[in-house]
Protein chains: 2
Amino acid sequence: MTVKSKDSRPGGRSARVRAAVHRAVVELVQEVGADNVTIPAVARRAGVNPSSVYRRWGTAPALLADVADQRQDEEAPELLGDLREDLERAAVWTLTDLSRPGGVAFFRAEVAPDVDERRAGLRACLERVSARFQAPLAAAAERGEPVPALERVLDRVVAPLYFRVVFSVPETDEQYARDLVAELCAPGRDAAPGDRGHR
Amino acid sequence: MTVKSKDSRPGGRSARVRAAVHRAVVELVQEVGADNVTIPAVARRAGVNPSSVYRRWGTAPALLADVADQRQDEEAPELLGDLREDLERAAVWTLTDLSRPGGVAFFRAEVAPDVDERRAGLRACLERVSARFQAPLAAAAERGEPVPALERVLDRVVAPLYFRVVFSVPETDEQYARDLVAELCAPGRDAAPGDRGHR
DNA sequence: TGACTAACGCAAAGATCACTGCTTTAGTCG
DNA sequence: CGACTAAAGCAGTGATCTTTGCGTTAGTCA
């Protein structure tokens with residue numbers, strides 16, 4: 001059986017509706033913010049009946065989470081074999097992913113759902129991000145190189161990125177993401193992140 | 001004119017209503033989550049008419065933000081004169097503040113409001129947190145000691161704390177908060193945060 | 001003490017959302 | 001091609017939420 005996961009009838013209307021709804025969600029999240037995205041609004045924009053959306057996704061948070069899920073499974077990284085370079089790529093990827101319109105909003109949406117699903121959403125979100133960095137780490141470890149613990153990467157690279165994006169700290173760009181990795185890999189040798197003329 | 005900021009009639013009913021509403025908000029945020037806090041529910045619990053709440057705060061996010069504001073202005077730190085110790089206290093304070101029931105929820109609430117107020121709420125939130133660390137830094141600088149940049153403290157201490165609390169990473173406790181500061185002040189000398197038998 | 005008024009309570013009306021039986025559409029498969 | 005059925009559309013219902021006009025309460029100040 002060719003597993004396409006969901007949609008027992010992937011070949012037509014069902015898929016079209018899903019696509020239209022997803023597009024509508026992305027647009028609305030950008031326009032009015034994740035908190036103000038309601039199912040009727042999404043349905044209107046998607047040219048779909050609200051009841052269809054209710055039946056498929058149930059609640060707005062669930063819909064948001066679904067879109068967020070699908071959104072991050074699109075791209076696939078490639079390993080170069082150099083730990084620092086690969087980590088930098090993962091960092092830049094994370095930053096890009098977080099910076100695009102609605103990026104933080106989706107992050108927030110996934111963190112939001114009610115207590116029972118919440119832990120699950122959090123785990124999934126954290127593990128997706130972790131996976132990006134764990135791949136390079138595992139590869140380097142296999143090559144016999146000394147590697148920092150994943151927790152350390154999260155603290156020193158991922159956490160600052162999230163924090164700065166959420167708070168809209170200026171000068172949080174790709175160069176900064178690379179600097180974070182650089183300082184993690186070669187502490188004290190390079191300039192500290194942000195030491196490039198921040199007036 | 002004795003400026004008491006808000007409330008042109010601070011001496012009675014108005015203040016009581018505000019207190020009752022604030023208490024109700026805190027309780028509800030803990031019980032049902034910040035997203036499910038509605039104005040009618042708050043009003044019911046506070047024994048107040050919904051219209052009063054609507055007239056004073058307008059929307060639920062605005063109410064949440066107001067409560068979050070008032071919540072953090074309660075305590076006042078004290079400086080000991082030792083940079084590292086003072087930073088550790090600030091870190092522990094931040095963690096405690098974030099960990100108490102509804103702490104993250106309030107953080108999220110303040111980040112949420114619609115685009116126009118959002119930047120303001122973010123700035124305020126960031127500046128409040130920054131202030132906790134800037135005081136020790138300024139004091140140490142005045143004493144002629146070398147001090148790290150505030151941005152660096154945010155990246156290395158505050159960001160990981162926020163990140164780990166939001167994602168419910170285990171073993172994120174006071175000891176861990178101190179370790180973050182320790183590693184910032186004396187890089188490489190002490191054990192890296194988390195290196196205390198994390199199996 | 002008594003007039004003044006900001007803020008609250010009350011109630012009604014309108015809007016939106018969430019849900020559900022039933023009908024219709026459109027892929028799927030023999 | 002024709003029967004089958006998963007999914008979408010439609011329409012009606014109940015439950016909140018939100019807003020607004022108006023009367024009432026309770027601090028404030030001369």
Side-chain angles (χ1 to χ4, degrees), chain A residues 1-25 28-29 31-67 70 109 112-114 116-117, chain B residues 1-25 28-29 31-66 70 109 112-114 117:
Chain A
M1 57 172 78
T2 56
V3 174
K4 287 202 176 183
S5 161
K6 294 187 174 182
D7 263 359
S8 60
R9 282 181 178 182
R13 188 165 56 165
S14 195
R16 279 198 304 275
V17 168
R18 163 161 297 175
V21 168
H22 275 211
R23 180 184 2 264
V25 167
L28 283 176
V29 164
E31 293 176 20
V32 301
D35 289 336
N36 302 325
V37 170
T38 69
I39 289 187
V42 170
R44 270 194 301 275
R45 163 114 15 159
V48 166
N49 195 284
S51 62
S52 303
V53 181
Y54 279 115
R55 288 216 165 83
R56 264 170 86 142
W57 286 278
T59 67
L63 174 56
L64 271 277
D66 183 46
V67 174
Q70 183 138 335
D114 288 332
D116 42 344
E117 305 178 26
Chain B
M1 58 175 82
T2 57
V3 174
K4 287 203 174 178
S5 160
K6 294 185 175 182
D7 263 358
S8 61
R9 283 182 179 182
R13 188 165 56 163
S14 196
R16 280 199 303 275
V17 168
R18 164 161 296 174
V21 168
H22 275 212
R23 178 182 6 262
V25 167
L28 283 176
V29 164
E31 292 177 18
V32 302
D35 290 335
N36 302 327
V37 171
T38 69
I39 289 187
V42 170
R44 269 193 301 275
R45 163 122 5 167
V48 166
N49 195 280
S51 62
S52 303
V53 181
Y54 279 115
R55 287 212 167 87
R56 259 168 88 145
W57 288 278
T59 67
L63 174 56
L64 273 277
D66 182 45
Q70 185 140 334
D114 288 332
E117 305 177 29

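Since the model is a prediction, treat every value here as computed from it, not as a measurement. Chain letters run A, B, ... following the sequence lines, proteins first, then strands; residues in each count from 1.
- The nearest whole Å value for the distance from the CG atom in A:N36 to the P atom in C:dC17 is 11 Å.
- Between the CD1 atom of B:I39 and the C1' atom of D:dT18 there is a distance of 9 Å, given to the nearest Å.
- Counting only heavy atoms from C-beta on, A:Y54 has its side chain closest to C:dC19 among D:dC17, D:dG9, C:dC19.
- Between A:W57 and A:S52 there is no side-chain heavy-atom pair separated by less than 4.5 Å.
- Looking at B:S51, its side chain comes within 3.5 Å of the base of C:dC10 through a donor and an acceptor atom.
- B:R16 has a side-chain polar atom (N or O) that falls below the 4.0 Å cut-off from OP1 or OP2 of D:dG27.
- Rounded to whole Å, the distance from CG on A:L63 to P on C:dC17 is 14 Å.
- A close approach under 4.0 Å does occur between a side-chain nitrogen or oxygen of B:T38 and OP1 or OP2 of D:dC17.
- Between D:dA7 and A:S52, no contact under 4.0 Å exists linking OP1 or OP2 to a side-chain N or O.
- Closest-nucleotide positions on DNA chain C for A:R55 and A:P40 were compared, and the one nearer the 5' end corresponds to A:P40.
- Atoms CZ and CG, from A:R55 and A:N49 in turn, are 9.0 Å apart once rounded to the nearest 0.5 Å.
- If you take CZ of A:R56 and C1' of C:dC19, they are 18 Å apart, rounded to a whole angstrom.
- Between the CZ atom of A:R18 and the P atom of C:dA26 there is a distance of 20 Å, given to the nearest Å.
- In terms of position on DNA chain C, the residue among A:N49 and B:V17 whose nearest nucleotide sits closer to the 5' end is B:V17.
- The distance from the CD atom of A:Q70 to the CZ atom of A:R18 is 6.5 Å, given to the nearest 0.5 Å.
- Rounding to the nearest 0.5 Å places CG of B:L28 at 10.0 Å from CG of B:N36.
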